[in-house]
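Throughout, a chain's letter reflects where its sequence line sits, starting with A, and its residues are numbered from 1.
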2 protein chains.
Amino acid sequence: MLRLSKRVEYGLVALQHLAKTGDVATVREISDENSISYDLLAKIMQDLKRDGVLYSSQGVRGGYGLMLAPQEIPVNRVVGALEEQSSITECTSETECCSREAVCTIKGPMHKLQEQMEQVLSSVTIAQLL
Amino acid sequence: MLRLSKRVEYGLVALQHLAKTGDVATVREISDENSISYDLLAKIMQDLKRDGVLYSSQGVRGGYGLMLAPQEIPVNRVVGALEEQSSITECTSETECCSREAVCTIKGPMHKLQEQMEQVLSSVTIAQLL
DNA sequence: GCAAGTAGGACTTTTTTAGTCCTATATAAC
DNA sequence: GTTATATAGGACTAAAAAAGTCCTACTTGC
């Protein structure tokens, strides 16, 4: 469907929230304000932390904060942190192996297309979402 | 997952096949040569015909042929003909209505991203797949 | 100690995509 | 005019992916 997953959508919303307030926020705050499932967002935040986009502090008065400036976080990176695959076809994936590989006639051109898509996704950052 | 569906992938392969040979071909020929399910490809060809990309002739010695020159068929068009939705998020769709619309804070920027994606998809044509 | 947080495993449900099966209709060749 | 070879298309099933839920553990400031 050529669509960003809800995970990425919610991730972007959360990062925008943090960039906007410039402060630490809890998952509960963000999920409430943006009508996002708490449990789902909690996982997303964990993944973003694992990727180094966020830091966290546990316990009372804990929460998540940005590790990077908004202009240093391209949409690209959020996609990479939150989705298993981000290639536009199986044959442009580095991890999967395409079932039609032996007869695939579009591999080369698809790689070019993929590169251009990545170019677009890396040119937009969280700073542009504000 | 930000991935083109198999329908689009197969559609591109089929169009490439027709452009390469410059002749009419049957679904069977194309599906055999490219290891694509016959039934699935048959539906795809019908959709591409409905969209005006292909013409067909029924009966013995029938088949499908290109209605347009390869350089007149952008990937964009193939996506449009073969997929229900092609927007990157729910909020950039014209037909769906986003469940989080009232609180959505990324609608504007997402539209810009969407436009850039479409730009890329419309800049590559079947002629470039040869 | 307790309330407010993150960490994360396991699971269910829903949605989408891919693929299959079957029947009808058109037509060129014989 | 019958037959073999095509497209046309409805209805269905299966598989995969995404979304969402539930539960428990661990951390930490007060």
Problem - Derivation of the salt bridge (charged side-chain N to carboxylate O under 4.0 Å, His left out) call for E33(A) and R28(A) - result: CA-CA 8 Å; E33(A) 269 191 50; R28(A) 180 63 68 187; over 6 Å; no

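Going from atom CG of L48(A) over to atom P of dG8(C) covers 13 Å, rounded to whole Å. The distance from atom OH of Y55(B) to atom P of dT27(C) is 15 Å, rounded to the nearest whole Å. For the pair I36(A) CD1 and dT21(D) P, the computed distance is 13 Å after rounding to whole Å. In this structure, L4(A) places its CG atom 15 Å from C1' of dA17(D), rounding to the nearest Å. Between the P atom of dT20(C) and the NZ atom of K6(B) lies a distance of 13 Å, rounded to the nearest Å. For the pair M1(A) CE and dA19(D) C1', the computed distance is 13 Å after rounding to whole Å. Rounded to an integer number of Å, the gap from I44(A) CD1 to dA7(C) P is 14 Å. Residue L54(A) contributes atom CG, which lies 17 Å from atom P of dG5(C) at whole-angstrom precision.
The 12-atom threshold is exceeded at NZ of K20(A), counting heavy atoms of other residues, nucleotides or ligands nearer than 6.0 Å.
Note: the hydrophobic cluster containing V60(B) does not contain I30(B) (ILVMFWY, side chain heavy atoms under 4.5 Å, direct or indirect links).
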Practice task
Could you run through nucleotides 5-12 of chain D and give me one letter per nucleotide, 5' to 3': B if any protein heavy atom sits under 4.0 Å from the base, S if only the sugar-phosphate is that close, - if neither?
Solution key: BBBBBBB-

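Using a 4.0 Å cut-off between charged side-chain N and carboxylate O, E9(A) and K6(A) make a salt bridge. Comment: E90(A) does not engage R100(A) in a salt bridge, judged by the lack of any side-chain N to carboxylate O separation of less than 4.0 angstrom.
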Show me, pair by pair, the donor-acceptor contacts under 3.5 angstrom made by side chains of residues 122-130 of chain A, not counting sequence neighbours?
{"from": "S122(A)", "atom 1": "OG", "to": "E118(A)", "atom 2": "O", "distance (Å)": "3.1"}
{"from": "S122(A)", "atom 1": "OG", "to": "Q119(A)", "atom 2": "O", "distance (Å)": "3.0"}
{"from": "S123(A)", "atom 1": "OG", "to": "V120(A)", "atom 2": "O", "distance (Å)": "2.8"}
{"from": "T125(A)", "atom 1": "OG1", "to": "A127(A)", "atom 2": "N", "distance (Å)": "3.3"}
{"from": "Q128(A)", "atom 1": "OE1", "to": "T125(A)", "atom 2": "N", "distance (Å)": "3.0"}

